[in-house]
Q: 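Below you'll find the structure I mean.
Residue numbers start from 1 in every chain, and the chains themselves are labelled A, B, ... in the order their sequence lines are given, proteins ahead of strands.
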Protein chains: 2
Amino acid sequence: MRGGRGMTIGHAAARSGVSAKMIRHYEAIGLIESERRANGYRSYGPQDVAVLRFIRHARDLAFPLEDIRKLLALWRDRSRASGEVKRLALAHVEALEEKAAALNAVAQSLRHLAQHCSGDDRPDCPIIEELEGKTA
Amino acid sequence: MRGGRGMTIGHAAARSGVSAKMIRHYEAIGLIESERRANGYRSYGPQDVAVLRFIRHARDLAFPLEDIRKLLALWRDRSRASGEVKRLALAHVEALEEKAAALNAVAQSLRHLAQHCSGDDRPDCPIIEELEGKTA
DNA sequence: GATCGGGTCTCCCATTATGGGAGGGTCAAG
DNA sequence: CTTGACCCTCCCATAATGGGAGACCCGATC
């Protein structure tokens, strides 16, 4: 399968945009599999590179690897129902938006505190006071 | 110093909102120090609890521990210039906002893809197509 | 005074995703 | 046959937090 004379991990890395280090890691956690040559070197075919690209794109979209595991299964299943894909994606979107909102809320309150911090050589600063718990 | 008969780590945890596990960790990384009783138990005074509260508030504001290390030094320095505090806070704010913006961008593009995914029992779904790299 | 419950001690491990580096094997070109 | 560029497998590190094991300490109850 996947061709007898595939490319080495370095080439697969270059063509997929996934580092060799990560390819080995993905194999270790069972996300992908790798053929081996007689000398022990991993060997990859174009199909494997496509899978790696899929993974990289999913990582670019901040999908956690466990989600990617499911997406790969759905991808491989030509007769998949798109409902599951959509459900997975929307759940992921909500998690992302929640995290972003939390970060923004924190940033905003901190920016507010900073606005009222003189920022000169005087020690007075509401940021420190907030951290002390005088207001919290 | 800090009183001969301080409270145990459990009490300090309860009063500061920092778990005992984390208190030990903060000590291990040199963020705080702990007195010891004859029996080896850690002992804390009100001043220590104040420090722990400070740390917890800073963590609530998503300050990394290394930033907190600097903030603690500034806090302890009564004659500190607030400029350094403000600089640290604003740098942190920018990092937070950047991260939030990145998450939002990803969420938005993924939500966009999901909108055009039928989400029924048909296999067609632009999310999968995107991950395949057909559009990326 | 023996026992029991709850708190504490120190270590080790796990998480998420990624990378660095050591020490050693393989191979092709010169 | 050496050199250089790969590849291999392990171990370690990151940031912050938690879980749990095995051992110890203490106060209270029977």
Q: By nearest atom, which of the nucleotides C:dT10, D:dC8, D:dC6 is closest to the A:T8 side chain?
A: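 Of all the options, the side chain of A:T8 is nearest to D:dC6.
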
Q: I need the CZ-P distance between B:R24 and C:dT10, as an integer number of Å.
A: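 From B:R24 CZ to C:dT10 P: 7 Å.
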
Q: If a protein heavy atom is under 4.0 Å from the base, mark B; if only from the sugar-phosphate, S; if neither, -; do that for nucleotides 15-20 of chain D going 5' to 3'.
A: -SBBBB

Q: Does A:R42 put a side-chain nitrogen or oxygen below 4.0 Å from OP1 or OP2 of D:dC7?
A: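 So the side-chain polar atoms of A:R42 never come under 4.0 Å of the phosphate oxygens OP1 or OP2 of D:dC7.
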
Q: Once you round it to whole Å, what is the distance between P of C:dT18 and CD1 of A:I55?
A: 10 Å

Q: Report the distance from atom CG of B:N39 to atom P of D:dC26, rounded to the nearest whole Å.
A: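 Distance, rounded to whole Å: 5 Å.
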
Q: Rounding to an integer number of Å, can you tell me how far B:E27 CD sits from C:dC9 C1'?
A: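 Answer to the nearest Å: 11 Å.
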
Q: Write down the atom of A:L131, the atom of B:H57, and the distance for their closest heavy-atom approach.
A: O-ND1, 3.1 Å

Q: Just wondering, do B:L65 and B:R59 contact through their side chains at under 4.5 Å, heavy atoms?
A: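 A side-chain contact under 4.5 Å exists here.
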
Q: For A:D67 and C:dT15, give me the distance from atom CG to atom P, rounded to whole Å.
A: 16 Å

Q: Let me check something: any side-chain donor-acceptor pairs from residues 93-109 of chain B under 3.5 Å, sequence neighbours excluded? List them with distances.
A:
| unit_1 | atom_1 | unit_2 | atom_2 | d |
| --- | --- | --- | --- | --- |
| B:E97 | OE1 | A:R111 | NH2 | 2.9 |
| B:E97 | OE2 | A:R111 | NE | 3.2 |
| B:S109 | OG | B:V106 | O | 3.0 |

Q: Would you call B:L72 and B:L31 a side-chain contact if the rule is heavy atoms closer than 4.5 Å?
A: yes

Q: Which nucleotide wins on minimum distance to the side chain of B:Y41, given the candidates D:dC25, D:dC6, D:dT9?
A: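 Per side-chain heavy atoms of B:Y41, the pick is D:dC25.
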
Q: Send over the distance from A:M7 CE to D:dC6 C1', rounded to a whole Å.
A: 16 Å

Q: Identify every side-chain donor-acceptor pair in residues 18-29 of chain A under 3.5 Å, counting partners at least two apart or on other chains, and give the distances.
A:
| unit_1 | atom_1 | unit_2 | atom_2 | d |
| --- | --- | --- | --- | --- |
| A:S19 | OG | A:M22 | N | 3.1 |
| A:E27 | OE1 | A:S34 | OG | 3.0 |
| A:E27 | OE1 | A:R42 | NE | 2.6 |

Q: Does any part of the side chain of A:L110, heavy atoms only, come nearer than 4.5 Å to the side chain of A:E130, both counted from C-beta?
A: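 With C-beta onward as the side chain, the pair stays apart.
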
Q: Whole-Å distance between D:dC7 P and A:H11 NE2?
A: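 Rounding to the nearest Å, NE2 of A:H11 and P of D:dC7 are 7 Å apart.
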
